[in-house]
Amino acid sequence: MNQISHDDEIDLFELMQTIWDGKWKVVGTTLIFVLIGLTFVLIKPSSIEVSTVIQEGKRSVFVDYESMNDVLKSNNLGNIYQTDAKSIFQMFVSEYRDYEEILMVLQRDEFVKQEISELDDNDKRVAISEFAKQFSLVPPSKANDEWLLSFVWHDADAGTILFSEALLITLENVKAAIIADVNTLANSIDSRDQRQLETLRVELNLLKQKQATRV
């Protein structure tokens, strides 16, 4: 009986030893995965940079506006305004670089709202301005002769959506500016033509009066 009891004690000890050894294996394995996770977090970039080339539109896109450009040239206004690929692209660049469009988009973004939620109004404006600088239109350089749209954001997909929204607003503003400019130029041409027509009428009346006095 004693021998049997002794064997039971030995078996129980071995079982406890096995469980204990297994415990440290579990703890050790868990520790390794925790360290791997921490290393990934530490070496993982906090933001992602994305860039793409942007170019002037093709000349064929602006064929429908050639007649308007001819009118402007014939009225000596061609050096002031032209609806072509180069001038439209310059308008786009100028419009985007005031950052109004990206600021408008960022103010509505939930991530940005959360990031600046504890700031006062002045610091919020500063913070949003700093966020806006992450979305840039990069001019050509010696290393790269093309314009680039570039942004640095914590999430590539979210950044792309924000940039796309800002660019669409920019294009809408350029479109509105073109329409306003064309209307202004059209009114200017009409006013000038009216003045010239009135001048011709006055001159014609004077000629008629002189002709009448001679008779």
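All of these numbers come straight from a predicted model, not from anything done at the bench.
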From Gln194 atom CD to Thr199 atom OG1, the distance as rounded to the nearest 0.5 Å: 11.0 Å
Contact check, side chains of Trp153 and Val50, non-hydrogen atoms, under 4.5 Å: no
Closest heavy-atom pair and its distance - Ala166, Tyr96: CB-CE1, 4.4 Å
Spacing of CD1 belonging to Ile88 relative to NZ belonging to Lys175, to within rounding of 0.5 Å: 12.0 Å
Scan the side chains in residues 97-114 for donor-acceptor partners under 3.5 Å anywhere in the protein, sequence neighbours excluded, and list what turns up.
| residue | atom | partner | partner atom | Å |
| --- | --- | --- | --- | --- |
| Asp98 | OD1 | Glu100 | N | 3.0 |
| Glu101 | OE2 | Asn173 | ND2 | 2.8 |
| Asp109 | OD2 | Phe111 | N | 3.2 |
| Asp109 | OD2 | Val112 | N | 3.1 |

Heavy-atom pair of closest approach, residues Ile48 and Ala156: CD1-N, 4.1 Å
Electrostatic pair Glu130-Lys133, nearest N-O below 4.0 angstrom: yes
Val53 reachable from Val138 in the ILVMFWY side-chain graph, under 4.5 Å edges: yes
Arg125 CZ to Leu119 CG distance, which is reported to the nearest 0.5 Å: 11.5 Å
Reported CD-to-CD distance for the pair Glu198 and Glu203, which is rounded to 0.5 angstrom: 11.0 Å
Interatomic spacing from CZ in Phe135 to CG in Leu167 - rounded to 0.5 Å: 10.0 Å
Side chain Ser94, main chain Gln90, donor-acceptor under 3.5 Å: no
From Asp123 atom CG to Ile128 atom CD1, the distance as rounded to the nearest 0.5 Å: 11.0 Å
Side chain to side chain, Trp147 and Pro140, heavy atoms closer than 4.5 Å: yes
Gln196 CD: over 12 foreign heavy atoms closer than 6.0 Å: yes
Side-chain heavy-atom pair Ile54, Leu148 within 4.5 angstrom cut-off: no
Closest contact, heavy atoms only, Phe92 versus Val174: CA-CG2, 3.8 Å
Cluster overlap Val152 with Leu162, hydrophobic side-chain contacts below 4.5 Å: no
